[in-house]
J.: 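What follows is a structure written as structure tokens; I'll ask about it next.
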Amino acid sequence: QSYIFPKENQQLQQQQQQVASVHSSSLLPQAATVPNVDNTAAAAATPSATTRTTTTTARKETDKSASEPPLFTVTSSQTILDRVEIQLDATTGICQVLLARPHKLNALDLRMFQALAETGQMLGQDDQYRQSVRCVILAGQGRAFCTGFDVPSMVKETPVTNPYKLIGRLLERKGTSGDGKTATEQSDNHTNYANLAQQVGYQWRQLDVPVIACLHGMCFGGGLQIALGADLRFATPDCQLSIMETKWGLIPDMSATVTLRELLRLDVAKELTLTGRTVLGTEAAQLGLVTRVTDDPQREARHVAREIAGRSPDAVAAAKHLYQATWRAVPEEYCLRVETQLQEQLLLTWNQLAAAGRSTLGWKIPYFQRIKELSKKAYDPSLLEGSNKENV
């Protein structure tokens, strides 16, 4: 009550001072110096019903959390170019990819672009990760997920005599290995067509495992386009999101033309892009920019990741690529062919039979490494025979 009625609280404090001048110690500790403590000894000895309920609830939550196994335990980690940290929980198969530039709100400089691209290649090609990772959680350290381009830092990294050098490095369609090969020569998937700026967002779609982006604080411009490449997006209610490129006289060119069309109506995408206005997580969920709103996106993502990890890795990979290959304006015949092609790859395999045994008989049959080349089957151009390839 002393916090609700400030005038009465002031009178109470005056009374407490008078009592303190008579007695060697105050029987009524001042509420202003001891917040969240009852104003009388009697009240402290006999807490109100609200206080008792809160204490009991907190104890139950503590006991419950103490009895549950940890959702994520880091068994190995590595840092890429001082910009991205990869954390792996080998027991669950959950991998956390953390943007690690918190002092700059994880803004994108050239090293961040390179680190993200290298991370995507490692997760998709390195046997250490291909064999163990079942789900990826993409998040940012510090107060924000990512605030977009760090223009001052990127300018400093570019010689003043050649201001177009940086633009060229972001827009050229080459890999990050430094061997001079084009993306087409290095890989057979859709990242062939992606430049470095596009790759950091588009690459998450090409992984055989689901990617969950956890958004908090701010998610602007290029940061939002990176998140749009994930399969799921969990955001805090107060997270700020914006397609901000038009404020700088630019267009969203980091694969947004692929990802936005799967999430938003055309008029909504135009409105958000043309105005560059900022929306909060709650509105973003209503529009379709994010999958769900939660106070703790990373904890929610870990729960979902553990559930996904309990499914057949082949079925998870095939379902992801199936929808991405057909969730567009393509001929119906093409969609039906992709469904058949992927299903034939799954039937009577070890992981398919293991999943059936788990579901019907409760057997704890382990899953083996997922089938290779599933993504290539989903995007096989030969399936378009007799169809209009320009529609794909």
Side-chain angles (χ1 to χ4, degrees), residues 60-61 63-76 87-97 123-138 204-212 214 230-234 291-292 294 296-327 335-380 383:
K60 289 182 178 179
E61 291 176 352
D63 295 341
K64 182 179 179 181
S65 61
S67 63
E68 292 180 349
L71 292 175
F72 186 82
T73 302
V74 179
T75 57
S76 64
Q87 299 176 341
L88 177 63
D89 184 348
T91 59
T92 61
I94 300 174
C95 177
Q96 284 193 161
V97 175
L123 294 177
Q125 300 174 14
D126 192 310
D127 289 339
Q128 173 190 358
Y129 294 105
R130 284 187 56 85
Q131 296 175 5
S132 58
V133 173
R134 303 295 303 279
C135 188
V136 173
I137 296 176
L138 180 62
W204 311 113
R205 298 167 58 87
Q206 304 309 307
L207 298 180
D208 285 334
V209 297
V211 179
I212 307 175
C214 302
D231 301 288
L232 306 173
R233 281 158 301 283
F234 299 164
T291 310
R292 68 178 65 167
T294 175
D296 192 341
Q298 283 190 263
R299 181 175 179 82
E300 185 77 5
R302 290 167 184 171
H303 276 293
V304 174
R306 288 176 70 94
E307 186 174 356
I308 292 174
R311 303 292 184 258
S312 164
D314 293 333
V316 169
K320 171 176 176 173
H321 293 303
L322 170 64
Y323 284 150
Q324 288 179 179
T326 60
W327 208 268
C335 298
L336 298 177
R337 289 188 180 189
V338 172
E339 288 181 359
T340 302
Q341 185 84 313
L342 289 174
Q343 194 74 299
E344 288 175 348
Q345 296 295 312
L346 299 180
L347 287 172
L348 300 182
T349 61
W350 175 274
N351 286 336
Q352 188 266 315
L353 296 176
R358 287 185 171 206
S359 299
T360 59
L361 303 175
W363 294 345
K364 300 297 183 180
I365 306 175
Y367 290 122
F368 284 172
Q369 184 179 357
R370 70 181 64 84
I371 300 174
K372 296 182 179 179
E373 313 299 333
L374 274 174
S375 60
K376 293 182 181 179
K377 294 294 184 182
Y379 302 105
D380 188 353
L383 297 181

J.: If the condition is side chain to side chain donor-acceptor pair (under 3.5 Å), which residues does Arg130 pass it with, not counting sequence neighbours?
T.: none
J.: So, do Phe72 and Gln298 sit near enough that their side-chain heavy atoms are less than 4.5 Å apart?
T.: no
J.: Any side-chain heavy-atom pair from Ile365 and Trp350 closer than 4.5 angstrom?
T.: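 Yes. Closest side-chain heavy atoms under 4.5 Å.
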J.: Under 4.5 Å between any side-chain heavy atoms of Asp208 and His321, yes or no?
T.: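 When only atoms from C-beta onward are counted, His321 and Asp208 do touch, with a gap below 4.5 Å.
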J.: With sequence neighbours left out, what residues match Ala301 under side-chain contact (heavy atoms from CB on, under 4.5 Å)?
T.: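 Ala301: side-chain contact (heavy atoms from CB on, under 4.5 Å) contacts with Ile137, Ile212, Cys214, Phe234.
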J.: Mind listing the closest non-hydrogen atom pair of Val338 and Ala325 along with its distance?
T.: CG1-CB, 4.4 Å
J.: In chain order, what residues pass the side chain to side chain donor-acceptor pair (under 3.5 Å) check against Thr294, with sequence neighbours excluded?
T.: none
J.: OG1/Thr326 to CZ/Arg337 distance, rounded to the nearest 0.5 angstrom?
T.: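 Thr326 atom OG1 to Arg337 atom CZ measures 14.5 Å (nearest 0.5 Å).
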J.: Could you list the residues that satisfy side chain to side chain donor-acceptor pair (under 3.5 Å) with Gln87, not counting sequence neighbours?
T.: Glu85, Gln96
J.: side-chain contact (heavy atoms from CB on, under 4.5 Å) with Ser76: which residues, sequence neighbours excluded?
T.: Leu88, Gln128
J.: Under the side chain to side chain donor-acceptor pair (under 3.5 Å) rule, collect the residues that match up with Thr91, sequence neighbours excluded.
T.: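 Scan of Thr91 (side chain to side chain donor-acceptor pair (under 3.5 Å), adjacent residues dropped) gives Asp89.
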J.: Side chain of Lys320, backbone of Val209: donor and acceptor closer than 3.5 Å?
T.: yes
J.: Are any non-hydrogen side-chain atoms of His303 and Leu71 less than 4.5 angstrom apart?
T.: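 A side-chain contact exists here, since the closest heavy-atom pair is under 4.5 Å.
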J.: Say you draw a straight line from CG of Leu232 to SG of Cys135; how long is it, rounded to the nearest 0.5 Å?
T.: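 Those atoms lie 7.5 Å apart.
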J.: How about Leu123 and Val97: do any of their side-chain heavy atoms sit closer than 4.5 Å?
T.: yes
J.: How close do Arg370 and Val133 get, heavy atom to heavy atom, and via which atoms?
T.: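 So the two residues come closest at NH2-O, 2.8 Å.
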J.: Between the side chain of Asp314 and the main-chain N/O of Leu346, is any donor-acceptor distance below 3.5 Å?
T.: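 No: the side chain of Asp314 does not pair with the backbone of Leu346.
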J.: Got a sec, which residues hit side-chain contact (heavy atoms from CB on, under 4.5 Å) with Ala315, two or more places apart in sequence or on another chain?
T.: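 Residues passing side-chain contact (heavy atoms from CB on, under 4.5 Å) with Ala315: Ser312.
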J.: Atom OH of Tyr367 and atom CD of Gln352: how far apart are they, to the nearest 0.5 Å?
T.: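 If I round to the nearest 0.5 Å, the distance is 10.0 Å.
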J.: Return the minimal non-hydrogen interatomic distance between Ile94 and Ala305, and the atom names on each side.
T.: CD1-CB, 3.7 Å
J.: How long is the gap from CG on Asp231 to CD on Gln324, to the nearest 0.5 Å?
T.: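 Rounded to the nearest 0.5 Å, the CG-CD separation comes out at 5.5 Å.
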J.: For Arg311, check side-chain contact (heavy atoms from CB on, under 4.5 Å) against everything at least two apart and list the hits.
T.: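 Result, side-chain contact (heavy atoms from CB on, under 4.5 Å) vs Arg311: Glu307, Val316.
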J.: Any side-chain to backbone donor/acceptor pair from Glu300 onto Asp296? Under 3.5 Å, distance only.
T.: no
